[in-house]
There are 2 protein chains.
Amino acid sequence: MNPDALRGHMDALLLSVLEREPLHGYAIIEALQERSGGALSVPTGTVYPALRRLERIGYLSSEWATVGGRRRRTYRLTESGRRQLEGERSAWREFTGVIGSVLRAEASGPA
Amino acid sequence: MNPDALRGHMDALLLSVLEREPLHGYAIIEALQERSGGALSVPTGTVYPALRRLERIGYLSSEWATVGGRRRRTYRLTESGRRQLEGERSAWREFTGVIGSVLRAEASGPA
DNA sequence: TATCTACATATAGACAGCCTACATGTAGAC
DNA sequence: GTCTACATGTAGGCTGTCTATATGTAGATA
């Protein structure tokens, strides 16, 4: 998967994976991998800064927890983040529709 | 349309629009707009450098023409570009499949 | 005990590509 | 004379993803 292709869609992925339940960064990476059938390997250097950015914007909130001696920062969707996720979903549908319409235009041409 | 979303898909759009026939930059911009139902307004500062990049890579070739007193640089797909377009199309299908699978995962969760 | 792997977070700096803004020029309409 | 459409191009900004690196715990295994 070309990294550049993810540009602008990372937010949607992260918000989406947090829709069901709060998760910490490491678990988010695993969840993305799992949900994508192994196709998405998002590096930590992408995920952690992105989560902080989303928190700064107000789409996520976080709190520290210690589990088994290890420190985790658990992120949770805010109300604003939940609304944003809806927006991301419809933006995704529009995006795929638009690009798809260009890519699918038959080589034979219109009437 | 969020500009960042186009990242990494510009090549596919440009190659696709040139599949049918050679076009010059200005006409490519109009074709993108038309094929997308008006949704895609790609600025010249994006298109012209991208076309040059694609030519440098070898996916496009170009030649100057003068029509009605105006100079045009007409771009045409090379054989390599045609193969690349096939690759871009399958990459697009994979991309939408992967992102879609993450975004569509039901909030109710698996068994 | 030492070492390795999985778990867990974080930052600095590189990199790439899309964008805004600007520059330049012709043709034709009004 | 001015305005719009046509037509190409570059410089520099911006931003987000990536690579590489740093740090540290827990548990398995030799």
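Only heavy atoms go into these numbers, but all of them, side chains included; no hydrogens, no water, no symmetry mates. Below, chain A is the first sequence line, B the second, and so on; all start at residue 1.
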- Query: Is any side-chain heavy atom of B:Q84 closer than 4.5 Å to a side-chain heavy atom of B:I57?
  - Reply: no

- Query: Quick one: A:D4 CG to C:dA14 P, roughly how many Å, whole number?
  - Reply: 18 Å

- Could you give the distance from CG (A:L60) to CG (A:L51), rounded to the nearest 0.5 Å? 6.5 Å

- Message: What is the separation between atom NE2 on A:H24 and atom P on C:dA10, rounded to the nearest whole Å?
- Response: 11 Å

- What integer distance in Å separates A:L54:CG from D:dT15:P? 15 Å

- State, with a plain yes or no, whether a side-chain heavy atom of A:S41 is found less than 4.5 Å away from one of A:Q33. yes

- Contact check, side chains of B:V17 and B:E34, non-hydrogen atoms, under 4.5 Å: no

- Task: Return the nearest nucleotide to the side chain of B:Y26; candidates are D:dT8, C:dC7, C:dA16.
- Result: D:dT8

- Message: Can you tell whether the side chains of A:R89 and A:E86 come within less than 4.0 Å, N to carboxylate O?
- Response: yes

- Note on the structure: Against the side chain of A:R53, the closest entry in C:dC7, C:dG17, D:dT17 is D:dT17

- Message: Just to be sure I understand the rule, does B:R70 reach a base, reach only the sugar-phosphate, or reach nothing, if contact means heavy atoms closer than 4.0 Å?
- Response: base

- Interatomic distance where CG belongs to B:L23 and C1' belongs to D:dC6 [whole Å]: 15 Å

- Look at the side-chain N and O atoms of B:R71 and state whether any lies under 4.0 Å from the OP1 or OP2 oxygen of D:dT8. no

- How about B:L32 and B:M10: do any of their side-chain heavy atoms sit closer than 4.5 Å? yes

- Message: Assuming nearest nucleotide by heavy-atom distance, tell me which of A:G68 and A:H9 is located more 5' along DNA chain D.
- Response: A:H9

- Message: How many whole angstroms separate atom CG of B:N2 from atom P of C:dG17?
- Response: 17 Å

What protein N or O atoms touch nucleotides 9-13 of chain D N or O atoms at under 3.5 angstrom, if any, and at what distances?
unit_1: D:dG9; atom_1: OP1; unit_2: B:R52; atom_2: NH2; d: 3.1
unit_1: D:dG9; atom_1: OP1; unit_2: B:R73; atom_2: NE; d: 3.1
unit_1: D:dG9; atom_1: OP1; unit_2: B:R73; atom_2: NH2; d: 2.7
unit_1: D:dG9; atom_1: O6; unit_2: B:T44; atom_2: OG1; d: 3.3

- Message: I need the CG-C1' distance between A:L51 and C:dT11, as an integer number of Å.
- Response: 15 Å

- Atom pair distance, as rounded to whole Å: CG in A:L6 and P in C:dA16: 17 Å

- Note on the structure: Heavy-atom closest pair (B:R52 atom, B:R73 atom, distance to 0.1 Å) is NH2-NH2, 3.0 Å

- Query: Under 30°, 30 to 60°, or over 60°: which ring-plane class applies to B:W92 and B:F95, parallel, tilted or perpendicular?
  - Reply: tilted

- Message: So B:L40 and B:L13, do their side chains get closer than 4.5 Å, heavy atoms only?
- Response: yes

- Would you indicate what A:R7 reaches in the nucleic acid, counting non-hydrogen atoms under 4.0 angstrom: base, sugar-phosphate, or nothing? base

- Task: Using the closest heavy atom to pick a nucleotide of DNA chain C for each, name whichever of A:V67 or B:D11 lands nearer the 5' end.
- Result: A:V67

- To the nearest Å, give me how far apart CZ (B:R72) and P (D:dA5) are. 17 Å

- Item | Close side-chain approach of B:R82 to B:E19, heavy-atom, < 4.5 Å | yes

What nitrogen or oxygen pairs link the protein and nucleotides 1-4 of chain D at under 3.5 Å?
none

